[in-house]
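Here's the structure, in structure tokens; my notes come after.
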Amino acid sequence: MQCNANDIVVLDFETTGLSPLQGDRAIEIGAVRIAGGEVVDRFQSLMNPGFKVSGFISNYTGISNAMLQQAPPCAEVMADFADFIGDSNLLAHNASFDKRFLDAELGHIKRRYAGEFSCSLLLSRRLYPAAPNHQLATLLKYANIAADGDFHRALYDSEMTAKLWLALLQTISERSGLSPVPFALVKKLAKVPKKSVPEFLAQW
DNA sequence: TGCCAGGCCCTCTTTAGGGCCTT
């Protein structure tokens, strides 16, 4: 198990909707592996969920039914993705959403993962409390991170989440004096009451 | 065809409700 927060796999799903328990499936996975604070590997694939996606989803993601018809099935893509993530720790923006789909899709093919999730949304609420909101695009602007690609595509969103993550880790380093930042710290920080964050970082 | 969830977090709270965030 890796112990530093800058050795992590950042992932993002595009899906047919919000809930795998309601029958929604993944239609694209994108991920980047960060090691030593740099992106060292990437994974991206569309996947065919076996049914047509709604007009809303096509408009939201730019992923059409024609594109998905030519894509490999979810089972094939997710097996490759399970190999990609290995036992790495994992990160997503609003991780509870992506974790639900990762659990569901890997459950379909009886695969598991050993890593623990961290969440850039929970950390940004604690480290950037003055941001206008905590949507990914807004946080990138707030942190002065250039973003000129297509949001709501899995690889681009995972790349941007990785950049946001590194900025958040830099903020933690500046406020705590720690570098690299321990993974255990970010796990606990995500649950610290907002008003207790300065004290938490000073005392770690 | 149309519709759907759930965890976090705040407060006019905890015997609850509603906004935010993800697709």
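Keep in mind that the numbers below use all heavy atoms, side chains included, and drop hydrogens, waters and symmetry copies.
Looking at heavy-atom distances under 4.0 Å, A/L18 makes contact with a base. The residue A/N59 sits apart from the nucleic acid: no heavy atom pair falls under 4.0 Å. Across all strands shown, A/T16 has no heavy atoms under 4.0 Å from either base or sugar-phosphate atoms. A/R126 comes within 4.0 angstrom of sugar-phosphate atoms only, judged by non-hydrogen atoms across all strands, and of no base. Contacts of A/D12 with the nucleic acid, taken as non-hydrogen atoms under 4.0 Å apart, involve only primed sugar atoms and P, OP1 or OP2. Here A/L136 lies in heavy-atom contact (under 4.0 Å) with sugar-phosphate atoms only.
Spacing between atom CZ of A/F117 and atom P of B/dT22 amounts to 15 Å, rounded to whole angstrom units. The interatomic distance linking A/E28 (CD) with B/dT23 (P) rounds to 11 Å, in whole Å. Atoms CG (A/D103) and P (B/dG6) sit 14 Å apart, rounded to a whole Å. Going from atom NE2 of A/H93 over to atom C1' of B/dC8 covers 13 Å, rounded to whole Å. One interatomic measurement links the two molecules: CG of A/L121 to C1' of B/dG19, which rounds to 13 Å at whole-angstrom precision. Put simply, CD on A/Q135 is 5 Å from P on B/dC21, counting in whole angstrom units. Between the CG atom of A/L90 and the P atom of B/dT22 there is a distance of 19 Å, given to the nearest Å. Between A/I57 atom CD1 and B/dC4 atom C1' the separation is 12 Å, expressed in whole Å.
Phosphate proximity of B/dC10 to A/K194: present, with a side-chain N or O under 4.0 Å from OP1 or OP2. For the OP1/OP2 pair of B/dG7 and a distance below 4.0 Å, the side-chain nitrogens and oxygens of A/R100 include no atom meeting the criterion. Taking only side-chain nitrogens and oxygens, A/H134 comes nearer than 4.0 Å to OP1 or OP2 of B/dC21.
Here the separation of B/dC8 from B/dT1, taken at their C1' atoms, is 33 Å to the nearest Å. Taking atom C1' in both B/dG7 and B/dG2, the straight-line distance is 26 Å, to the nearest Å. Spacing between B/dG18 and B/dT13 at atom C1', rounded to whole Å, works out to 12 Å. Remark: the separation of the C1' atoms in B/dC4 and B/dT23 is 12 Å, to the nearest Å. Distance check on atom P: B/dC12 versus B/dG19 gives 15 Å, rounded to whole Å. For the C1' atom pair drawn from B/dC20 and B/dT15, the interatomic distance equals 25 Å after rounding to whole Å.
For the side chain to side chain donor-acceptor pair (under 3.5 Å) with A/R153, the lone residue among A/E28, A/E159, A/E14 that qualifies is A/E28.
Taking the ring centre of A/F84 as origin, the terminal cationic atom of A/R33 falls inside the region bounded by 6.0 Å and 45° from the ring axis.
The shortest side-chain heavy-atom distance between A/P182 and A/W204 falls under the 4.5 Å cut-off. For the pair A/H152 and A/I63, the minimum side-chain heavy-atom distance is 4.5 Å or more.
Among the nucleotides B/dC9, B/dT23, B/dC4, the one closest to the side chain of A/Q22 is B/dC4. Comparing B/dT23, B/dT22, B/dC9 against the side chain of A/R125 picks out B/dC9 as the nearest.
For A/G17 and A/V192, each mapped to the nucleotide of DNA chain B holding its nearest heavy atom, the one lying further toward the 5' end belongs to A/V192. The 5' end of DNA chain B is approached more closely, in terms of each residue's nearest nucleotide, by A/S19 than by the other of A/S19 and A/F13.
Inspection of the A/D103 and A/Y113 side chains reveals an N or O donor paired with an N or O acceptor under 3.5 Å. A side-chain N or O of A/H93 and one of A/S120 form a donor-acceptor pair less than 3.5 Å apart.
Residue-environment remark: CD (A/E174) exceeds the threshold of 12 foreign heavy atoms within 6.0 Å.
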